[in-house]
Amino acid sequence: MVKLGKNTEFDKLSWQRQKAVIQLFQGKTLKEISQDVGVHLNTIENWKKDEKFQKARTEYSVYAFSHLLPKVVSNLNRILNEGEDKNVLKAIQIILSNSDLLNSQSSQKLLKARIRKETAEAAKAEAEAEVAKAQVEQMHTVADKTRAKMDKLSLDELRNLAKMAGEESD
């Protein structure tokens, strides 16, 4: 069996799960894998939902692509230089399309992070709006109280206040 490195999720899997990861990468059907590994089809479906199994699949994909990429590039160069070999071209297309599995997982993680960020920013903006609204309400309350007090002042007291305000501003 393949050994990816120390403490990888792939290396921690049982031989059956490792074989399932490899065969999923190779594009085999769940039925083929279940027969080869000796487990029920539903077991493989359950494995695919497991977070550690998913991580192991990603680790294996990275490993496999890192080893296949030089061959892919070499074959692409050969095809470009020597003409079209449909079988090799089809194999390269399969390999490159499987690389989208990695990209889509990365994109999904990035999308989820962006959604969390946008949600946090929206919550922050909402909280700031609530604070601003409370401040405006508080200012209105102070203004209403000031008007009420001024309404109770006599004309002479208002003139004295206006005079003091004018002196302070000079």
Side-chain angles (χ1 to χ4, degrees), residues 1-140:
M1 212 31 69
V2 177
K3 184 95 169 138
L4 299 189
K6 293 183 179 178
N7 295 322
T8 63
E9 288 300 328
F10 179 84
D11 291 333
K12 293 176 188 175
L13 295 177
S14 68
W15 71 269
Q16 291 171 307
R17 289 181 186 218
Q18 285 183 357
K19 198 166 188 178
V21 164
I22 293 168
Q23 291 181 353
L24 284 166
F25 178 81
Q26 293 170 341
K28 293 195 176 180
T29 67
L30 295 181
K31 184 178 180 183
E32 291 172 320
I33 298 168
S34 69
Q35 289 172 348
D36 193 34
V37 176
V39 298
H40 194 273
L41 189 79
N42 292 341
T43 302
I44 296 173
E45 285 288 355
N46 290 332
W47 289 351
K48 287 175 63 178
K49 296 173 188 171
D50 179 64
E51 190 174 315
K52 290 179 181 181
F53 189 84
Q54 291 171 1
K55 186 172 183 191
R57 285 184 72 186
T58 300
E59 289 170 349
Y60 182 78
S61 295
V62 169
Y63 166 82
F65 283 123
S66 68
H67 287 81
L68 290 175
L69 196 57
K71 285 183 181 179
V72 170
V73 171
S74 174
N75 282 323
L76 281 172
N77 277 328
R78 185 178 58 75
I79 290 169
L80 290 172
N81 293 327
E82 298 174 11
E84 190 175 320
D85 180 348
K86 290 183 180 179
N87 291 332
V88 176
L89 183 59
K90 182 67 176 167
I92 291 171
Q93 288 172 334
I94 289 169
I95 291 168
L96 292 177
S97 69
N98 281 333
S99 70
D100 287 344
L101 177 121
L102 295 176
N103 293 335
S104 67
Q105 286 178 352
S106 298
S107 297
Q108 287 175 2
K109 288 179 182 178
L110 182 59
L111 179 61
K112 287 178 182 177
R114 285 182 180 158
I115 289 170
R116 285 192 307 271
K117 179 183 175 190
E118 293 295 325
T119 302
E121 287 176 357
K124 178 183 173 189
E126 202 170 304
E128 288 172 345
E130 288 295 320
V131 168
K133 181 180 174 184
Q135 289 173 337
V136 167
E137 289 173 1
Q138 190 176 20
M139 289 173 57
H140 284 290

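It should be emphasised that the depicted structure is a prediction, and the values quoted were computed from it without experimental measurement. Basis for what follows: all heavy atoms, side chains included, without hydrogens, waters or symmetry-related copies.
- In this structure the side chain of I22 reaches within 4.5 angstrom of the side chain of F10, judged on heavy atoms.
- Going from atom CG of D11 over to atom CD of E59 covers 7.5 Å, rounded to the nearest 0.5 Å.
- For Q138, there are no side-chain contact (heavy atoms from CB on, under 4.5 Å) partners, not counting sequence neighbours.
- Every residue two or more places apart in sequence or in another chain was checked for a salt bridge (charged side-chain N to carboxylate O under 4.0 Å, His left out) with K28, and none qualifies.
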Return a table of donor-acceptor pairs under 3.5 angstrom between the side chains of residues 38-48 and protein atoms on other chains or two or more places apart.
residue	atom	partner	partner atom	Å
H40	ND1	N42	N	3.0
N46	ND2	N42	O	3.3

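- To the nearest 0.5 Å, atoms OH (Y60) and CZ (F53) are separated by 12.0 Å.
- No more than 12 heavy atoms of other residues, nucleotides or ligands lie within 6.0 Å of NZ in K52, so this atom counts as exposed by the packing criterion.
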Intermediate values then yes/no, side chain to side chain contact (heavy atoms under 4.5 Å, CB included), V131 and Q135: CA-CA 6 Å; V131 168; Q135 289 173 337; 3.9 Å; yes

Listing, residues 30-37 side-chain donor-acceptor contacts under 3.5 Å, not counting sequence neighbours, or none:
residue	atom	partner	partner atom	Å
E32	OE1	T29	N	2.8
E32	OE1	T29	OG1	3.3
S34	OG	L30	O	3.3
S34	OG	K31	O	2.9
D36	OD2	K19	NZ	3.4
D36	OD2	Q23	NE2	2.3

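- Applying the salt bridge (charged side-chain N to carboxylate O under 4.0 Å, His left out) test to residues at least two apart or on different chains, none of the pairs has a partner in residues 124-134.
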